[in-house]
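Please read the structure below before turning to the comments.
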There are 2 protein chains.
Amino acid sequence: MLNLVRSDAIAYLGGMKPLFHPDIDDVAPADIFAALADPIRLGILVALSDATEMDKARCSNFVGLASPSLLSYHFAKLREAGITHMRVEGTSRYLSIRRADLDRRFPGLLDSVIEAAQRDPSLPRVPEPAQAKG
Amino acid sequence: MLNLVRSDAIAYLGGMKPLFHPDIDDVAPADIFAALADPIRLGILVALSDATEMDKARCSNFVGLASPSLLSYHFAKLREAGITHMRVEGTSRYLSIRRADLDRRFPGLLDSVIEAAQRDPSLPRVPEPAQAKG
DNA sequence: CGATTAATTCAATGATCATTGAATTTCGAA
DNA sequence: TTCGAAATTCAATGATCATTGAATTAATCG
């Protein structure tokens, strides 16, 4: 059973279940706002928005924000709302913001959201990883 | 009791209870997004955004969107989130978007929100009032 | 293989939300 | 003063949400 074709197999490479990412055209504005209506998720978004190094986009780097199971819950909310993409690599997962999709569908929205969130001092912050001894 | 000074009295002119409008600096981004996470409220916002004539900003003009009591509920959500202002005049109330406040505190956000909502065909629309016989 | 690490799933909890309908308030007009 | 229109308040409902902790899955490394 399951009988995969090649494109399916690629989606499974290194993963357990197929991760659902909605088509951006199926995402309604109200869905986006619902996903943004939580300080932990806004904290994740802000952290992602200035994650230049890949390490900072790994799920395990957000442990400062909430417990693992709660983080999973919030990751799923962001992903199912079309805001983030999740890529599986071995035992780790990496998040990214779906910038191109969001900018095309909701021009200007993402930038102003991130700017607003960045300036909010009440949002939880992801701590910088301790610098490896050099 | 109550012992009003003049500025309080003005707030009461024509009204029953003092309408609470939060200081825009007390409004967190997550509060804004929570208020926007509902299609009826987005419908109200869109209708307000192109309400040039005062008639279109009167509460009673939104009856097409929901029942009176449900509308009251949604009006309060928008007002308490700092998105709208409500003015009492006789037996009517008038809504307006707190544009200047929002633009100062969350630059660019309101415009992109309205643009996104305007393009969403799934949002409920406020019907144009029937043209008076001419 | 067994242990470890990364992350999810599941069931249970209390809190908040959207909706309804009935009762109430307020104002203005007859 | 009584009536009607405008709008809110209140109590009740079911639905969804955020959170917790325990159990589970999956990949990697010894």
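Convention: sequence-line order gives letters A, B, ...; per-chain numbering from 1. Not measured: the values here are computed from a predicted model.
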(request) Produce a footprint string for nucleotides 14-22 of chain D: one letter per nucleotide, 5' end first; B if the base is under 4.0 Å from any protein heavy atom, S if only the sugar-phosphate is, - if neither. (result) ---SBBBBB
(message) By the salt bridge (charged side-chain N to carboxylate O under 4.0 Å, His left out) test, which pairs, at least two apart or in different chains, include something from residues 30-51 of chain A?
(response) none
Quick one: which protein N/O atoms are closer than 3.5 Å to N/O atoms of nucleotides 3-6 of chain D? Pair and distance per line, please.
{"residue": "D:dA6", "atom": "O4'", "partner": "B:T91", "partner atom": "OG1", "Å": "2.9"}
{"residue": "D:dA6", "atom": "O3'", "partner": "B:T91", "partner atom": "O", "Å": "3.3"}

(request) With sequence neighbours excluded, tell me which residues meet salt bridge (Lys or Arg N to Asp or Glu O under 4.0 Å) with A:R119. (result) A:E115
(request) With sequence neighbours excluded, give me every salt bridge (charged side-chain N to carboxylate O under 4.0 Å, His left out) pair touching residues 59-81 of chain B. (result) none
(request) Please report, rounded to the nearest Å, how far the C1' atom of C:dT9 is from the CG atom of A:L71. (result) 15 Å
(message) I'd like to check the side chain to side chain contact (heavy atoms under 4.5 Å, CB included) partners of A:V126; sequence neighbours left out, ordered by chain and number.
(response) A:A47, A:F62, A:L65
(request) Output all residues satisfying side chain to side chain contact (heavy atoms under 4.5 Å, CB included) with A:S67, sequence neighbours left out; order by chain, then residue number. (result) A:S69, A:L70
(request) Could you tell me whether the side chain of A:V113 reaches within less than 4.5 Å of the side chain of B:P29, counting heavy atoms only? (result) no
(message) Strictly by salt bridge (charged side-chain N to carboxylate O under 4.0 Å, His left out), give each pair with a member in residues 57-76 of chain B just once, sequence neighbours left out.
(response) B:D55-B:R58
(request) If a pair satisfies salt bridge (charged side-chain N to carboxylate O under 4.0 Å, His left out) and one of its residues is in residues 95-104 of chain A, list it, with sequence neighbours excluded. (result) A:D25-A:R104, A:R98-A:D101
(message) If I take atom CG in residue A:L19 and atom P in nucleotide D:dT25, what distance separates them, rounded to the nearest angstrom?
(response) 17 Å
